[in-house]
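First comes the structure, then the notes that go with it.
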Amino acid sequence: MGINLRTLLEPETITLEELSGKIIALDAYNMIYQFLASIRMKDGRPLTDDNENVVSHLMGLLSRTSNLLKTGIKPVFVFDGVPHPLKESTITYRIMRKKEAMEEWKKALSAGDMERARSKAQQTSHFTHEMVRETKHVIELMGIPLVQAPSDGEAQASLMTAKGEVDATGSQDFDSLLFGSTTLIRNITMSGRRKMPGKHHYKTVNIEKIRLPELLKTHEITHEQLVDMAILIGTDFNEGIKGIGPKKSLKLIKKHGKLEEIMVETGYEIEHFQEIRNIFLNPMASDDYELIWKKPQIERLVELYVEGHQFKESTIKKYIEKIEASKPAHRQIRLDFF
DNA sequence: CACTTCCA
DNA sequence: TGGAAGTGG
């Protein structure tokens, strides 16, 4: 989701180890969604416990987070709050797409096309309140700070990064750059291994580091201009102009300077553009949080996974050992690294 | 996701 | 021996 700025970026490939000691504000929904989409059976069914509760997200959360901690990374999970009213049509559209995907999943299953079934099933991924509640519970049991954003989690994480409270924002989406996050880390959840996007070929997924100041410098634009470009292309809060992508929007912003001028020159009409600008340039965020990493509550974690959802005790213990092996918290943020 | 098993 | 496929819950 969000905007695709890929063609304007030159991401730097880094390793997980290079993030050791760094505080990363993770877009929790973004991360959990990826687990929900990817941790599935061949026919597309997610992992479930004896009561048919989906547990894919719990599996991914524990396995990946324990690895981050073991590497010495200090994660902070940021959760979405109430979406901005302008996001309503995006949300409605996504729900509709999920329903369509559900139908196509069923069709592919009865046609015996497992590959298509799995891919369609991934697109049906959605959270229940219970899943969100339990995800938050596990994060707390792991002793990791949790931040509840008033609205967009990406906005919250970005402001925290911009203020230097954390070293980077971790998300697949590029939106945090619009929200002013100075450093974006992509693929922190899905890196290393190989991924199968299409049919037969595999691809290595690298962790990418993207710096906002460098992005702006490369294209000789301001943050405000980047946001105007995004509004032209289309964001979660507006549809954008048909036929305008990153390249054309860059050309337009370089020629005319700002959105108002572009609209005058081209006749494009964009509703609520001032408000959308404001969403990105003045991110709504809470300061009701503490960035403290506590000791994990091992017994309660084991109980939740093993008794609660029938995970194998030895598997869970292995992950918890990794959490315990995590390097002690560096209280200092080394700003010079990024 | 991450571990286990399979097979060239 | 290591990449691909399978499994976990």
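In what follows, every heavy atom counts, from backbone to side chain, and hydrogens, waters and symmetry copies are set aside. The chains referred to below are lettered A, B, ... by the order of the sequence lines, with proteins before strands, and numbering in each begins at 1.
The residues A:Glu18 and A:Lys209 are annotated as not salt-bridged, no charged nitrogen and carboxylate oxygen being separated by less than 4.0 angstrom. Remark: A:Asp167 does not engage A:Lys74 in a salt bridge, criterion side-chain N to carboxylate O under 4.0 Å. Salt bridge annotation for A:Lys317-A:Glu313: present, with a cationic side-chain nitrogen under 4.0 angstrom from a carboxylate oxygen. Ion pairing between A:Arg277 and A:Asp228 holds under the 4.0 Å rule for side-chain N and carboxylate O.
For A:Lys318, no side-chain nitrogen or oxygen approaches OP1 or OP2 of B:dA2 to under 4.0 Å. At least one side-chain nitrogen or oxygen of A:Asn67 sits closer than 4.0 Å to the OP1 or OP2 atom of B:dA2. Between A:Lys312 and B:dA2, a side-chain N or O to OP1/OP2 separation shorter than 4.0 Å is absent.
For A:Lys42, counting side-chain heavy atoms from C-beta on, the closest listed nucleotide (C:dG6, C:dG8, B:dC1) is C:dG6. Nearest to the side chain of A:Val55, among B:dC1, C:dG9, B:dA2, sits C:dG9. Among C:dG8, B:dC1, B:dC3, the nucleotide with an atom closest to any side-chain atom of A:Lys322 is B:dC3.
In this structure, A:Ile39 atom CD1 and C:dG8 atom C1' are separated by 10 Å, rounded to whole Å. Distance, A:Leu36 CG to C:dG9 C1': 14 Å, rounded to whole Å. For the pair A:Met114 CE and C:dT7 P, the interatomic distance rounds to 13 Å; values are reported in whole Å. Rounded to an integer number of Å, the gap from CG of A:Asn30 to P of B:dC1 is 13 Å. In this structure, the CD atom of A:Gln310 is 9 Å from the P atom of C:dG9, given to the nearest Å. When rounded to the nearest whole Å, the span between CD of A:Glu321 and P of B:dA2 equals 16 Å. Put simply, CE on A:Met59 is 13 Å from C1' on B:dT4, counting in whole angstrom units. For the pair A:Ile323 CD1 and B:dC1 C1', the computed distance is 14 Å after rounding to whole Å.
Checked options A:Leu216, A:Leu8, A:Ile210; the residue passing with A:Leu177 is A:Ile210 (criterion: side-chain contact (heavy atoms from CB on, under 4.5 Å)).
Taking 4.5 Å as the limit, some side-chain heavy atom of A:Met160 sits within range of a side-chain heavy atom of A:Tyr289.
In this pair, A:Phe280 and A:Phe179 present their aromatic rings tilted. The plane angle is within the 30 to 60° band.
One can find a donor-acceptor pair under 3.5 Å joining the base of C:dG9 and the side-chain atoms of A:Thr48.
Within 4.0 Å of A:Ser56, counting heavy atoms only, lies no atom of the nucleic acid at all.
Taken residue by residue, residues 130-138 of chain A places no heavy atom nearer than 4.0 Å to DNA chain C.
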